[in-house]
Structure formats: structure tokens, C-alpha cells
Amino acid sequence: MKVGVVIFPGSNCDHDLMHALENVLGAQVMPLWHKDTSIQGAEAIFIPGGFSYGDYLRCGSIARFAPVMDEVAAFAKKGGPVLGICNGFQILTESHLLPGVLMPNASLKFICDQTLLKCETDRTPFTQKIAPGSQLQIPIAHRDGNFFMDAEGLKRLEGEGQVVFRYVNEAGEASAEANPNGSLNNIAGICSPGGNVVGMMPHPER
């Protein structure tokens, strides 16, 4: 499979992600620079973590205007699979490819830790081999991972099965203690209505 990894000034997880895709999953990986105006025939797009453009103004708010994001948006609207991790998730919300916003953590501190997630759905290209209800231990490393949206939007998100991952404890419960950043409903990852665009704060490439 031919996949593209989008790289912005300030991306710092791109090499980890490319290593995982190429050496663990056996994909053919192409770096896509932020100024590119083509995704070069990629069959899937990945947006890595980091601090695109220094996270100035707001996380992901400048990256959304990069030329390559026009191509990513067009690809996504045609049903192409797109995964944004951490800063990539922030960029996808700023680009309106995913709903909601990522605010500063409730603690107002950067958090680097191991977290336990529950996979809520297998209807995305990235979770189709994960049984719903499965628990995964995945690292987090972020300061702005607090997922928020209005009450009506949150009800729709939950009702339409767009929550992909949730922070849980060992009993599989979405408790306050299991929530590292204050995200509404312990949300760690979501998808678009069609399921082809996914954003998550934890770092599976690590």
C-alpha cells in the first residue's frame, strides 16, 4: 500500500510514524511536504504529531492553510482514509474535516504518560481489525488534548457512532481518574460521519 505522511515545519513525530508504517506494517511511504500540491497517488494519508508552525495562534490553526491540506481535504471528501495523530488531530479539527476542538489540558500542563483506551468501533479503515470493546495501552504526549464541542454536537457524535477511542480504567470504565486531559466523555479519538477520517490524541506509532 502506498501511503503519504504530511510534514510541516515543527512536525516531530514524522520519522516515528514513517518507521512504523514502513518497517512494521510494510507500507510504501512517501513524505509529503506542507507546500506540496499533490498527494502523489497516496492510498492513505497520515498527519503526525508535533508542533506544526510552532503551534502559534492555536494548535493546527496555521497548518490548515498549507497547500497540501487542500489536497488532503479533497482526498478525504472522496472517501480516502486519513489519520491525524495528536497535532494531526488538531489540524483535522481546524480544517473542519473533523468536528470539535482540542483545548489545553484541564491541568494546563504537558502530559507524557501511558494511557488505556477502549476501541468503540471497527467501522473505520484504521480500526476494522480491532474488536469493539478491546482495550489498548497507548502513550500520550500533549498539552492541548482536551476534546470539546457543544452539547448538541456531542450528542450527535455519540449517537452516530463517531467516537472511536475513549480513555478508560482497567475495568473498561470511562472514569474521571482515567481521563488525562479533561476531554468530554473521555473522548480520545473520533471519526468523520463516513468513518474514513480519524483523529486521535494518543500516539500508536510509539
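Scope of the values below: all heavy atoms of this structure, side chains included, with no hydrogens, waters or symmetry mates.
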Looking at every heavy atom in both [X] and [Y], which two are closest together, and how far apart are they?
| X | Y | result |
| --- | --- | --- |
| G194 | R123 | C-NH1, 3.9 Å |
| S134 | A131 | OG-O, 2.7 Å |
| M1 | A44 | CE-CB, 3.7 Å |
| F89 | G189 | CE2-CA, 4.4 Å |
| C86 | G49 | CB-CA, 4.2 Å |
| M103 | F148 | CE-CB, 3.9 Å |

query = Checking side-chain contact (heavy atoms from CB on, under 4.5 Å) for the pair M30/V3: CA distance, chi angles, key distance, verdict?
reply = CA-CA 6 Å; M30 301 177 301; V3 305; over 6 Å; no

Flag the pair [X] / [Y] as yes when at least one side-chain heavy-atom distance between them is below 4.5 Å, and no otherwise.
| X | Y | result |
| --- | --- | --- |
| M149 | V101 | no |
| I187 | F165 | no |
| K129 | D122 | no |
| V163 | T121 | no |
| I91 | S52 | yes |
| N196 | T124 | no |
| H96 | R64 | yes |
| M69 | V72 | yes |

query = Checking side-chain contact (heavy atoms from CB on, under 4.5 Å) for the pair V68/W33: CA distance, chi angles, key distance, verdict?
reply = CA-CA 7 Å; V68 73; W33 190 233; over 6 Å; no

Got a donor-acceptor contact below 3.5 angstrom from the [X] side chain to the [Y] backbone?
| X | Y | answer |
| --- | --- | --- |
| N179 | S183 | yes |
| D55 | C59 | no |
| Q90 | D144 | yes |
| T115 | I138 | yes |
| N186 | S175 | yes |
| N23 | A20 | no |
| K2 | Q40 | yes |
| N169 | A171 | yes |
| N105 | S107 | no |
| S95 | L97 | no |

Distance check, rounded to the nearest 0.5 Å: [X] atom [atom1] versus [Y] atom [atom2]?
| X | Y | atom1 | atom2 | answer |
| --- | --- | --- | --- | --- |
| T93 | L98 | OG1 | CG | 7.0 Å |
| L117 | I140 | CG | CD1 | 9.0 Å |
| F46 | L32 | CZ | CG | 11.5 Å |
| E22 | H15 | CD | NE2 | 12.0 Å |
| E177 | Y167 | CD | OH | 15.5 Å |
| L83 | I45 | CG | CD1 | 11.0 Å |

Do [X] and [Y] belong together in a cluster built from hydrophobic side chains that touch within less than 4.5 Å?
| X | Y | value |
| --- | --- | --- |
| V24 | L136 | yes |
| F126 | I130 | yes |
| V82 | L21 | yes |
| M18 | L25 | yes |
| I62 | F8 | yes |

inquiry  = P193: which residues meet the side chain to side chain contact (heavy atoms under 4.5 Å, CB included) condition with it, sequence neighbours left out?
reply    =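 For P193, the residues satisfying side chain to side chain contact (heavy atoms under 4.5 Å, CB included) (neighbours in sequence not counted) are Q162.
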
request  = For Y56, look at atom OH and say whether over 12 heavy atoms of other residues, nucleotides or ligands are found less than 6.0 Å away.
outcome  = no

List, one per line, each side-chain donor-acceptor pair under 3.5 Å for residues 198-206, sequence neighbours excluded.
unit_1 : atom_1 : unit_2 : atom_2 : d
H203   : ND1    : E205   : OE2    : 2.7

key: I47 and its side-chain contact (heavy atoms from CB on, under 4.5 Å) partner, picked from V6, I85, V5, L17   =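 Between I47 and the candidates, side-chain contact (heavy atoms from CB on, under 4.5 Å) is satisfied uniquely by V6.
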
request  = Take Y53 and F65, measure what ring-ring contact (aromatic ring centres under 6.0 Å, His included) needs, and give me the verdict at the end.
outcome  = CA-CA 11 Å; Y53 298 96; F65 295 108; 9.9 Å; no

inquiry  = I'd like to know if E158 pairs up with R166 as an ion pair, taking the criterion as any Lys NZ or Arg NE/NH1/NH2 lying under 4.0 Å from an Asp or Glu carboxylate oxygen.
reply    = yes

